Amino acid sequence: MALVEVSHLVKHFVRDGGLFRKGTLVKAVDDVSFTIEEGETFGLVGESGSGKTTTGRCMLRLIEPTSGEVRIRSENVLAFPRRRLRDARRDMQIVFQDPYSSLNPRMRARQIVEEPLIIHRLGDRLARRERVAELFHLVGLDVTHLERYPHQFSGGQRQRIGLARALALNPSFVILDEPVSALDVSVQAQVVNLLTDLQRQLKLTYLFIAHDLRLVEHICGRVAVMYLGKLVEMGAAASLFAAPQHAYTRALLSAIPIPDPDAPRTRIVLDPALVNRDAPLREVAAGHWAAI
Amino acid sequence: MSDPLLSVQNLTTIFDLPAGPAPAVDDVSFEIRTGETLGLVGESGSGKSVTALSIMRLVQPPGRIARGSLRFKGRELLALPESEMRKVRGADIALIFQEPMTALNPVFTVGDQIAETLLVHDRATRRDANAKAVELLDAVRIPDAASRVNDYPHQLSGGMRQRVLIAMAIACRPALVIADEPTTALDVTIQAQILDLLREMKSAFNLSLLLITHDLGVIAETADRVAVMYAGRIVEEGPVRAIFGEPKHPYTRGLLASIPGGVPGQRLRAIEGTVPMLGALPPGCAFNPRCPDRFEPCTSAPPPEFTVGSDHGTRCYLYDTARLKPDNRQSTIANLRSPIDDRKS
């Protein structure tokens, strides 16, 4: 069953507008639709400016979308009034890319993880303390470090704090916006393993937003490729990586550096003029869609 | 074999922190030969950028070069007076920084900035500097160079800015270009273009390249030889095929094994623990707290370099043939699994 359904999501920004100047309209997210099945990891890939982060933020209404629908368990989040939205957010959380700027430097680790419980008025002091210790344990943090400040933790540990905070309210759906790209190479794999372990343990559904295609191929069941605000290709990771159909996907895959000096390399360069921006997604193979 | 273009010997750069002196670069030695690309791999805090700044003698206090030798074309750079060193920077050795927006001056056109490089080193007159700037922009494949030369940095995309920095770097035909994470801030398709351009410039101008990066994929595509840095020290150095095909140091092996690949959905082979902080290095080999193959000598003293193959060395006691009895050593080595083989199977 689909846990999350995004249909015809649109977000337009006005750029360079001023008091007397008409700005230009940027279609950051331009009619994007996809569904995420319960328990799966759905990858959303694209380069900077493709609209992947904006899509994630619109789904939680951290940015208000221009139009469209985002349904979780068949209920349209975009139609929720404020109070209802706050309740809905217990079930859908986000982990941000940069663990250096996304944690309040003046709060102790315990307070950062506890804050969502206070906002949602869950449990008394003692129950909250217990829950925070449990979450620390869950993400592999040392409970003797509860009273430390973010700067006393390494990047990988900080991302674990962000994850503990996101999991505090027992969500079923978590948006991971480039969760490891700011981390050291030798630490990335630890955090990725933690994410997959937690998914199994807590039956989480992930939207994994990333530009690291090797990682997306490894952990995502299905993948959608975004280019200039639109989805240009979507399908099972195995099928999409083995037989990319859209010119942009091909160019993107051919640009990944391969960590093997003897690997054959053919660089495919995209000619933007040859991309038909208005082509709709059509099914090119079972469950594999491309805008060609 | 011909003399190396640059020979770095026992370079040690110390930062005088409130807690005491901390070696950001600790007894680092390597050579770069003419026309060769040396890839320097390491994580943040490994000392790879401080190594680059040390070669340029641009380390700022509280950092200082404490020991070592930097021989470039037979001259000792550490013995040069500052006025002579200034002539070397840009003209003989050029540096390309990671972040193209902060490396360019926002209030001058890119043409002015390239012209300045040429004028400072007397490679152009005021009259022909602009024309030469256009030529250089053209050489780094910036379309419509004649009008782009009048653009300010903010008018260019990230990839174009990085091309401008490459144009500035090659302006005086240096023998050595140091590129510090030249593609880290860029998207993967732009990164591919910039790497292609660097390769092209290297053969067109017979450059030697010191490429600093944390990305093993970038190293595999560009480097002839590789040096792996960890916590200020070079832990392994060798030809690119040896490093990727037969990595010896447990850190190098761990890095290669942790790259996503193999069976989708399977757990990645992570290196446990975290990178140590500068000034709080563990005794002995700095990698020992994270090392799966740690044994008794590892905590005693930093290992010296052991030869493990042709032109291939590593600082790891596992390869100390004098210390270990042959049969003992065999079993230790046999217990190591090759990450490369595992990924292919």
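Proteins come first, then strands; the chains are lettered A, B, ... in the order of their sequence lines, and each starts at number 1. Source: prediction; values computed, not measured.
Within residues 219-245 of chain A, no residue has any heavy atom under 4.5 Å from a heavy atom of chain B. Listed by sequence position, the residues of residues 155-165 of chain B in contact with chain A number zero, using a 4.5 angstrom heavy-atom cutoff.
Each of A/I256, A/V185, A/T196 has some count of heavy-atom pairs under 4.5 Å with chain B, and the biggest count is that of A/V185. Of all the listed residues (B/G45, B/S258, B/G265), the one sharing the greatest number of non-hydrogen pairs under 4.5 Å with chain A is B/G265. In terms of non-hydrogen atom pairs under 4.5 Å with chain B, the most contact-rich of A/P261, A/A263, A/A189 is A/P261.
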As a quick check of understanding, evaluate side chain to side chain contact (heavy atoms under 4.5 Å, CB included) for A/H211 and B/V188, giving each step before the final call. CA-CA 8 Å; A/H211 69 272; B/V188 62; 5.9 Å; no
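Judged by distance alone, the side chains of B/T189 and A/E47 do bring a donor and an acceptor atom under 3.5 Å apart.
Only the side chain of A/V192 comes within contact range of chain B, with at least one heavy atom under 4.5 Å from a heavy atom of that chain. Both the backbone and the side chain of A/R214 come within contact range of chain B, judged by heavy atoms closer than 4.5 Å. At a 4.5 Å heavy-atom cutoff, A/D212 makes no contact with chain B through either its backbone or its side chain. If you measure heavy-atom distances from A/S154 to chain B, the contacts under 4.5 Å come from the side chain alone.
Between B/E221 and A/P257, the shortest heavy-atom distance links the atoms OE2-CA, 3.3 Å. Across every non-hydrogen atom of B/A220 and A/I258, the tightest pair is CB-O, 3.3 Å. When all heavy atoms of A/H218 and B/P260 are compared, the closest pair comes out as CB-CB, 3.9 Å.
Judged by distance alone, the side chain of A/Q190 and the main-chain N or O of B/G273 form a donor-acceptor pair under 3.5 Å. At distances below 3.5 Å, not a single donor-acceptor pair connects side-chain atoms of A/N193 with backbone N or O atoms of B/R267.
Interatomic distance, CG of A/D184 versus OG1 of B/T274, reported as 9.5 Å (0.5 Å rounding). We find the CD1-CD distance between B/I271 and A/Q188 to be 11.5 Å, quoted to the nearest 0.5 Å.
Residues A/S186 and B/V275 are in side-chain contact: their nearest non-hydrogen atoms beyond the backbone lie under 4.5 Å apart.
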